[in-house]
Amino acid sequence: MKTMHKPVYLAAGAYTMSLGTGRPEFNPRTPRPGLDHYIRQAGAATLAQVGDPEAIDESVIGNFMAARFNRQGHLGSLMTIVHPALEYKPSLRVEGACASGGLALASAVKSVLSGMADAVLVMGVEVQNTVKAIYCADFLAGAGWYDGERKDGHTYFFPGKFSDRAGAYSAKVGPEKARQAFAHWYRNAVESARLNPDAQEHFNRTADLVAQGLTPPNPKGFTDHLNLFDCSKVSDGAASIIVASEEGWRRLGLARQDVVELAGYGQMAANLTAPPPDLTEMTTCRRAAEQAMAMAGTGIADMGVAEVHDCFTVSGVLLTEALGMAGPGGGADAVLEGLTRRDGRWPTNTGGGLVGYGHPTGATGVRMAVDLWRQLTGRAAGYQVDVKKDHGILVSMGGNDKTVVSMILKR
Amino acid sequence: MDLNTRMQNVAVVGAAGKMGSGIALLLALELAYRALEDRQATFVLSLIDMNDAGLQGLLRYVRDQARKDGERQMNRLRALYKDRRDLVENAEMVDEFVAEVMLHVRTGKTLALAKDALLVFEAAFEKEEIKFQIYNELAVLCPPSAWFLTNTSSIPLHVLTDHCGIQGRMIGFHFYNPPAVQKLVELIPPEGCDPDLVAASEELALVLRKKTVPARDIAGFIGNGHFMRDGLHCIREMEHLAEDYGFVQAVYMVEKVSRDWLLRPMGMFQLIDYVGIDVFQLILRVMDKYLKEGLHSDLVDAFLEMGVKGGQTSSGAQKDGFLRYEKGRPVGIFDPAIRDYVPMDAAFTADLDGRLGPHPDPSLTWKGLSRDAGREEKLRAYFKALKGLDSLGAGMARNHVEDSREVALDLVRQGVAARAEDVNAVLTLGFFHLYGPVNDYLD
């Protein structure tokens, strides 16, 4: 197994509000900020935490579909609007569907490990509320295999794919238990979002969230096995963080308590043209997490906090199994027993996750790293949990378990 | 000849009007879906109106609404286009669907366009002479097997059939405004109507996802039979109040009570404005001509003489009438004495609300209750509270509820409606009332 030959750290995380339905600021009939606004806002919030922006050697930006949502390419160049210090230095855009942010992190880690950079500004951004939901579904379907899957796919392509997983999981553990687990995942997400002022569901005041999560799916209007509350929303937002060597964060004027160490990571892709080997397992996520934990010399028992890619409640439940919080088919029980709640054994998605905070796709992987960094350094303010272990884990996933980045961060 | 065959050649006369455009849209969508399911057949929808600008606006409306419908029916479109390998994304299918809808539509200014039509919908202006002229021409132009579905809301159908020699071939197929949204069709078969036409109309309504309520061929039918008398009640009540409080004050109080105290979506004066004061007058005249019960309002005549007409712009915005509107909301009241609108400012409304007295339950609104599964229980409790109140507003509200109930029962007694439930269905489905006028809430 490959190992890191020198320590790599993350610091100075920040993210914007996740704008979309649910936020009082959101009005579909009025103009909204574009990519540049979010890039500037997140970047400025990160740079405000460091002493000398000139010490940043490179930047990398993760984005999934700006070419279609915003008709904008060339984001590596757009990234330099954050600060003049970024100009005439390396900057690139990376894409791996909803794992684009995770790939941006991985790319920065490699730059630092290569010795070509000591400090890399990592950004993730997506602005999706530029089209109606059914056209948004077209754009996001680009994360599937266009030639092989899209034609026969659902109107809402990815909800359709994960509905198939939810159906298979329901058959495995029983439909009632599965639905209960999805509803409890939804409740946990919104309860955390209520504590996070930037979350899209921050203002959700529904009294009985579990009852809402138990809403029966409507196959005619949506999908066979998922209701609307099972889905992350359409979101606009950006997140940024710095990946640095020790020399890098020292040059930026940061102290050890400001940073977390990357203890291990796993990055991999699976065959886009092949169906998942088992609809009830997130195979690639499991393998990436295993790789990350092995590199860190840790196991799931060492984790004090987790960030998982719950684009749908069912993926959240399946990821508890992929990470080893539960055995195969045991994820529903793990969620129902509260293992992933804020006060549970593995507080998971403490700022709301994708269901609660929102899912600006290209930004999500970076946003997860920011939340993990905040929790491990005690900077999560109103949504801080009691992190009982020194490590935290994130799993950033693209498509239907096809591109995955998993990271273990240590305080 | 089955309905599907007839649907292959359909015409709408008066297609660019408020009702005609909605009917045209419903038919354009239905024909497109039929065409997608039956590629061998040819479907034609002829949209006829006198007005070029109106026809252009109509095409734009049908095109825009077809896009919205395609987006709503995306699952259905994906199934219908499953063999079209060139159409992969939702957007491609919606574009194709819009093109399909427009493919079957043709527009023109002469009735000759309807000469091959087997089903002719008519939504011309509510004037007998206009409809006589149209049907006299259609009777000669159209095939002898053509059926005529009129959207008249007041003119007795036997008058039209007898005058134009189309006995047996016409039925009243009365949509409610807006036709694309409202779930109700009042079905009025005149005496001697072909039973096959009645059955096909029932089938067609089902296809268009409308509920039919039968009405007898008596001027005004059920909908306007109730609305006109209800409107006249409010005007009389207002004129009576005006003697003590002044004209604009009285309009405000009746508007307030008929909306907020009766828990209706609009007050009576807003509703008359929505329909159009001119249309309101026309319907009154038609009904009075055949029923001879003094259905008339000098005030309505006076407003029209002053050029105050209400109604809507071609884009659907509300024009000023009894009330002045900003962004669709009433903000002023027309005062005929000064021929101008008096603003409904906070001091004005607070004073008059005080005179009406406290609302029985300010937490209850039409909007809130319309989504409330426990509505019936709340309505009963509300009217019980209303019954016990001694205030000007409560008295007006009770008086209005009782008058509305009597009007409804009269419609049953006169045989316009076969049952009280039919009147209730028209008021709840066609007028969006939360409850039918025949109820025991105040008993």
Side-chain angles (χ1 to χ4, degrees), chain A residues 27-30 65 67-71 128-161 163-164 205-208 211-212 215-228 231 234 272-273, chain B residues 29-30 32-33 36-37 61 63-101 180-181 183 206-209 315-318 326-329 363 365 367-368 371-374 378:
Chain A
N27 179 346
R29 284 181 289 279
T30 58
M65 271 291 175
R68 296 197 75 183
F69 281 120
N70 322 101
R71 302 181 182 187
Q128 299 175 297
N129 283 293
T130 54
V131 290
K132 290 182 178 180
I134 68 155
Y135 305 124
C136 180
D138 277 340
F139 297 173
L140 296 178
W145 180 31
Y146 181 85
D147 281 347
E149 292 183 303
R150 182 62 187 120
K151 175 62 187 172
D152 298 322
H154 195 277
T155 293
Y156 295 98
F157 181 79
F158 272 101
K161 288 287 169 198
S163 167
D164 293 346
R205 294 288 172 265
T206 300
D208 191 343
Q212 195 169 49
T215 304
N218 171 12
K220 198 174 166 198
F222 192 48
T223 68
D224 292 346
H225 303 289
L226 295 178
N227 62 41
L228 290 173
C231 306
V234 176
L272 186 66
T273 67
Chain B
L29 296 174
E30 179 57 26
Y33 284 119
L36 286 173
E37 280 159 5
Y61 170 73
R63 187 192 62 201
D64 293 350
Q65 293 301 316
R67 177 166 298 282
K68 288 181 182 171
D69 187 78
E71 289 167 351
R72 281 193 295 269
Q73 301 290 328
M74 202 59 239
N75 286 351
R76 186 178 178 188
L77 288 193
R78 289 197 78 87
L80 285 167
Y81 287 126
K82 70 177 186 308
D83 297 327
R84 285 282 301 272
R85 301 312 292 180
D86 57 320
L87 303 176
V88 179
E89 297 201 326
N90 296 333
E92 292 166 337
M93 293 182 199
V94 170
D95 287 346
E96 181 68 15
F97 178 68
V98 174
E100 180 74 43
V101 170
V181 177
K183 295 292 173 212
L206 202 64
V207 165
L208 299 177
R209 294 180 293 280
S315 65
Q318 181 62 51
E326 280 177 12
K327 294 180 181 172
R329 289 170 182 269
S363 72
T365 61
K367 195 174 177 182
R371 298 174 189 154
D372 193 331
K378 288 181 181 169

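Note that the coordinates shown come from a computational prediction; the quantities given were computed from them, not determined experimentally. Letters go in sequence order (proteins before strands), and every chain restarts at 1.
- Rounded to the nearest 0.5 Å, atoms CD (E89(B)) and CG (D138(A)) are 4.0 Å apart.
- Interface remark: F222(A) contributes backbone atoms only to the contact with chain B (heavy atom separation under 4.5 Å).
- Distance check: I134(A) CD1 to R72(B) CZ gives 11.0 Å after rounding to the nearest 0.5 Å.
- Annotation: side chain of E71(B) is in contact with side chain of Y135(A) (closest heavy-atom distance under 4.5 Å).
- For R84(B), the CZ atom is densely surrounded, since the number of other residues' heavy atoms within 6.0 Å is greater than 12.
- Atom CZ of R209(B) is surrounded by 12 or fewer heavy atoms from other residues, nucleotides or ligands within 6.0 Å.
- Using a 4.5 Å heavy-atom cutoff, the side chains of N75(B) and H154(A) are in contact.
- Contacts between K132(A) and chain B at a heavy-atom distance below 4.5 Å involve the side chain alone, from C-beta outward.
- Between the side chain of N90(B) and the main chain of A137(A), no donor-acceptor pair closer than 3.5 Å is present.
- Here the straight-line distance linking atom NZ of K151(A) with atom CZ of R78(B) works out to 6.5 Å at 0.5 Å rounding.
- Sparse packing is recorded around CD of E326(B), with 12 or fewer heavy atoms of other residues, nucleotides or ligands lying under 6.0 Å away.
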